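To start, the structure itself, in structure tokens.
Note that this is a predicted model, so its numbers are computed, not measured. We number each residue from 1, following the sequence as shown.
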Amino acid sequence: MTTVDHGSQESGANVLGRRRFLGYVLAAPTLVAAAELGLAQRAEAAVPSPGVAELFDLNDLLTEAARPTSNLITVAINDDGTVSFALPRAEVGQGITTSTAMLIAEEMDVPLENVRVTLADARPELLFNQLTGGSNTTISTYTPIRIAAAVAKGRLLRAAAIELGSVVTDLTLKAGVITDLAGRSIGIGALAGKAASTRTEQVPVELKPREKFDVIGKPHNRTDAVAAVTGRKKFAMDLDIPDAKPTMVCRPPTINGTVESVANLAEVRAMPGVTDVAVVSTGVAVRAETFGQCIDGVRALRVTWNPGSAEGKSDDTVLRELKSAELPLAVPPLTSTVDGDFTFYFRGNSALEPNCAVADVRAGRAEIWGALKSPIVARQTIAAKLGLPPGAVTVHVVDGGGSFGRKLFFDAALEAAEISQRFGKPVKLMWHRADDARQGRTHPMATSRVRVGYASGTVLSYEQRHTSVATDFGHGLGEVLTAMSAQLPVGDFTFAQTIFQLTQSMPYDFGVATQLLNETDKGFNTGSMRNIYSPDVTCARELIADRLAAEMGKDPYRFRRDFLQDDRSRAVLDEVAEAGGWGREMPAGTAQGIAFHAEYHGVTAALVEIDCRPETVDRPIRDGVAGPRVTKAIFAVDVGLAVNPRGLEAQMMGGIMDGIALALTSSLHLEDGHFLEASWDNYFYTRQWNTPLELKVIVMPPTTGEPGGAGELGVAASMAAVACAYGRATGSMPTSFPINHGTLGFEPKPTVPPIPQSPTDGLDHAR
């Protein structure tokens, strides 16, 4: 493998040297330490687009926004020898509690199992340092957490020196025990009080050099894995909040419809187990003793609905709207060109855990529990909704069962708070699967138009005009952009245009390259689904790259390698080509595809093999569509420094499954103002029958001294590689995604009542 080692790259205004920083010991009964970073130097704001993301990307933005309050994040030593850390981010399955514990264990030389990482409640004083998104958690917390841990370690060594009558330089801290040259030892728990400070003190620290890492960079199992697989891990619906009873909402048959009238409120209120029924802003809420009784109540309601915000709209009408909003191409076709027009349909943003939250709103105060990735904004919004001062609202962040961007929005928490206030009782709100498919957040439908000019084996220009249904960034990221707008090198762009420019870059030497976004239609509930714009934009670009290679008479892999701009990018491409046996002979109707994607200080490449033969495409699948099958996937990833390679591998596996789904099967069908899908039964995410028989993730050796973003990095290259493989297998470049969107594959369930009848035929299909 080709690697480039640039060494440690920690930076900041208060950095004393390559590994020396300033930190704090805080006044507390036991030892509490924090980091001081202050404001770092930003990229030159006058740099024009294109190329913005190569100099200052979304991850840089989030890191800089978090930096001023990094000194408010603390590491605490407990009397029992454990180390506590309240992580101001949301754990939704991405493994950040494990990687955070690894950072502390490494810097303090304590056992990993002795580090207790919990999730912090909403802390308004953290400002923009409590937003989980953009694959930024490890990047933005990597140095502050290590500084705080190093401060704590130094303080413990000083306290031990006094206790043991030694000098600090004669002491070693290993596995949570400090030992002197004479063999005398003392555990850090016994020093927790003695190392504490009665006043806040600033101290210099030096971080451990990478060559001495024993924990960081080594594969580790998830610290919460056993609890997760044994059912001991607590999610929102597992919490035992006094008198918080199951609650569900009867929702409109079209997107964002509203209640005009309800014919039988009293009748439903009298149903078995039902305690409360009332009209709320999103529909009609039903509170009962069990969720089954909630469903019965929702299904029994007779509601007259007002039209919604997408009334009468369908896939075709939205597509026409997008086409009419496309920005023009600027470069005249004076040379040979390759053109492509691509369509990407709506996709669901539903996570494995249903959208849910617990709320207890009483006179003058409110308490909320949920898997919230932007809890500060949630707290502010809930307070405004309830008419309470923000200080009267407490928001607890709970472990979440998946997100993919969905839990950046706090729809369930806001709705639960409204319902609890309306009933005057605590509620345990859960959305039905049909609710999230039909009324939840979706990845916007979009088109991408590409034109590339070339001559004599050289690409002269690349233009991409991406047009999308408007993406809602009202979950907290918009506030970050507003606060930092003066420092951003993107002019007076909208939120969406700014995000687009901060995430999209051109990895190839394609001459004068422009990638522009335009948006239309705010009538849908949208969100920044995993990897935001990149899967669609990259898929279109990589398909055009295959077309260019063919026009120039080049192999797709060699073409990409020749035009990639740096050794690090070429290394991941070379790795998948070699590991996947690029160029091997394959039967007719099958093919390989290869693609590249760079983002968030990481680079990736994917090689897949696909089977598009009729016997595979036409496989009989009950209530589903089989279609082509990806039979092999090889993925190489370089994030600079992988804190936990095992966790990174798992992230990439999930991203590969996302990419396969987006390319082949995963979409929502819009018809007459509503989506036809009503559950995961008929929302065709990658199923077992379409997962690769052979899958390999290659984590490249460290190439920089700091970690890059990983949570979203696996999607774009995977989707693009599948699309390219499909084009080569069928002899026709695909232009509409997912490829199976035109085949419905299921009988739509009715929208009234909004919750479909639960199936009763499960045993009929057991084998």
Side-chain angles (χ1 to χ4, degrees), residues 58 62 87-97 100 118-123 126 128-138 140 224 228 233-239 282 347-359 368-382 395-417 428-433 435-437 439-444 471-480 499 525-532 651 654-655 658 680 683 685 709-712 715:
L58 178 61
L62 295 173
L87 178 65
R89 298 292 190 275
E91 172 64 77
V92 289
Q94 73 275 53
I96 56 174
T97 50
T100 296
T118 57
L119 304 181
D121 290 349
R123 295 178 56 190
L126 290 177
F128 308 122
N129 203 355
Q130 200 171 10
L131 179 72
T132 310
S135 301
N136 181 251
T137 294
T138 303
S140 64
D224 58 351
K233 189 172 181 178
K234 297 293 185 182
F235 300 94
M237 292 295 94
D238 298 320
L239 300 178
T282 52
R347 283 139 288 180
N349 203 0
S350 155
L352 181 63
E353 175 191 36
N355 211 20
C356 57
V358 182
I368 312 294
W369 294 261
L372 304 170
K373 298 176 76 172
S374 52
I376 296 174
V377 178
R379 180 176 180 265
Q380 295 167 344
T381 307
I382 289 169
V395 171
H396 305 287
V397 180
V398 183
D399 282 333
S403 171
F404 315 113
R406 179 64 179 93
K407 290 182 172 64
L408 274 166
F409 286 93
F410 39 87
D411 302 320
L414 183 63
E415 189 177 54
K428 184 177 284 191
L429 174 71
M430 182 171 67
W431 289 32
H432 191 273
R433 289 286 184 205
D435 296 338
D436 219 12
Q439 299 289 343
R441 301 285 169 173
T442 71
H443 190 283
T471 303
D472 187 349
F473 289 106
H475 45 51
L477 193 51
E479 291 195 0
V480 177
I499 297 296
N525 303 317
T526 60
S528 45
M529 189 175 174
R530 194 179 194 183
N531 218 194
I532 319 179
Q651 288 275 40
D658 279 0
W680 274 14
Y683 180 76
Y685 185 79
E712 301 168 273
V715 184

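- Residues satisfying the side-chain hydrogen bond (donor to acceptor under 3.5 Å, both in side chains) test with Ser350, not counting sequence neighbours, are Trp680.
- A pairwise comparison of heavy atoms in Ala90 and Ile96 identifies O-CD1, 3.3 Å as the closest pair.
- Note that CD1 of Ile368 is 12.0 Å distant from CG of Asp121, once rounded to the nearest 0.5 Å.
- Residues forming a side-chain hydrogen bond (donor to acceptor under 3.5 Å, both in side chains) with Asn129 (at least two apart in sequence, or on another chain): Thr69, Arg89.
- A search for side chain to side chain contact (heavy atoms under 4.5 Å, CB included) contacts involving Gln651 returns Gln94, Arg530, not counting sequence neighbours.
- Under the ring-ring contact (aromatic ring centres under 6.0 Å, His included) criterion, Phe409 pairs with His475, not counting sequence neighbours.
- For the residue pair Trp431 / Gln439, no side-chain donor-acceptor distance below 3.5 Å is found, with atom types taken as modelled.
- The two residues Arg406 and Asp411 have their closest heavy-atom pair at NH1-OD2, 3.0 Å.
- In this structure, the side chains of Met237 and Val398 stay at 4.5 Å or more apart for every pair of heavy atoms.
- Asn525 places none of its side-chain heavy atoms less than 4.5 Å from the side chain of Asp472.
- Residue Leu58 holds its CG atom at 7.5 Å from CG of Asn136, rounded to the nearest 0.5 Å.
- Side-chain contact between Leu131 and Leu408 is present, with at least one heavy-atom pair separated by less than 4.5 Å.
- Residues satisfying the salt bridge (Lys or Arg N to Asp or Glu O under 4.0 Å) test with Arg433, not counting sequence neighbours, are none.
- The closest donor-acceptor contact from the side chain of His443 to the backbone of Ser528 lies at 3.5 Å or more, if one exists at all.
- When all heavy atoms are compared, the tightest approach of Ala378 to Leu372 is CB-CD1, 4.3 Å.
- A donor-acceptor pair is defined here as one N or O able to donate and one able to accept, closer than 3.5 Å; such a pair exists between the side chain of Arg441 and the backbone of Thr526.
- Across Thr471 and Pro444, no two heavy atoms sit closer than the pair OG1-CG, 3.3 Å.
- With sequence neighbours left out, the side chain to side chain contact (heavy atoms under 4.5 Å, CB included) criterion links Ala371 to Glu353, Lys407.
- By the 4.5 Å heavy-atom criterion applied to side chains, Leu352 and Tyr685 are not counted as neighbours.
- Using modelled atom types, one side-chain atom of Asp238 and one backbone atom of Phe235 make a donor-acceptor pair closer than 3.5 Å.
- With sequence neighbours excluded, the residues that form a side-chain hydrogen bond (donor to acceptor under 3.5 Å, both in side chains) with Asp435 are Arg251.
- Among all heavy-atom pairs drawn from Pro354 and Met430, the shortest one is CB-CG, 3.9 Å.
- Scanning both residues, Pro375 and Val395, for their nearest heavy atoms gives CB-CG1, 4.2 Å.
- Residues satisfying the side chain to side chain contact (heavy atoms under 4.5 Å, CB included) criterion with Thr97, sequence neighbours excluded, are Leu87, Glu91, Val117, Leu119, Thr223, Asp224.
- One distance of note links OG1 of Thr442 with CG of Asp436; it measures 10.5 Å at 0.5 Å rounding.
- The side-chain hydrogen bond (donor to acceptor under 3.5 Å, both in side chains) check on Lys373 picks up Ser403, with sequence neighbours excluded.
- Between Asn531 and Asp658 the shortest side-chain heavy-atom distance does not fall below 4.5 Å.
- Under the side chain to side chain contact (heavy atoms under 4.5 Å, CB included) criterion, Ser135 pairs with Asn59, Tyr600, Glu712, not counting sequence neighbours.
- Remark: the backbone N or O of Ala437 is not paired with any side-chain donor or acceptor of Tyr683 at under 3.5 angstrom.
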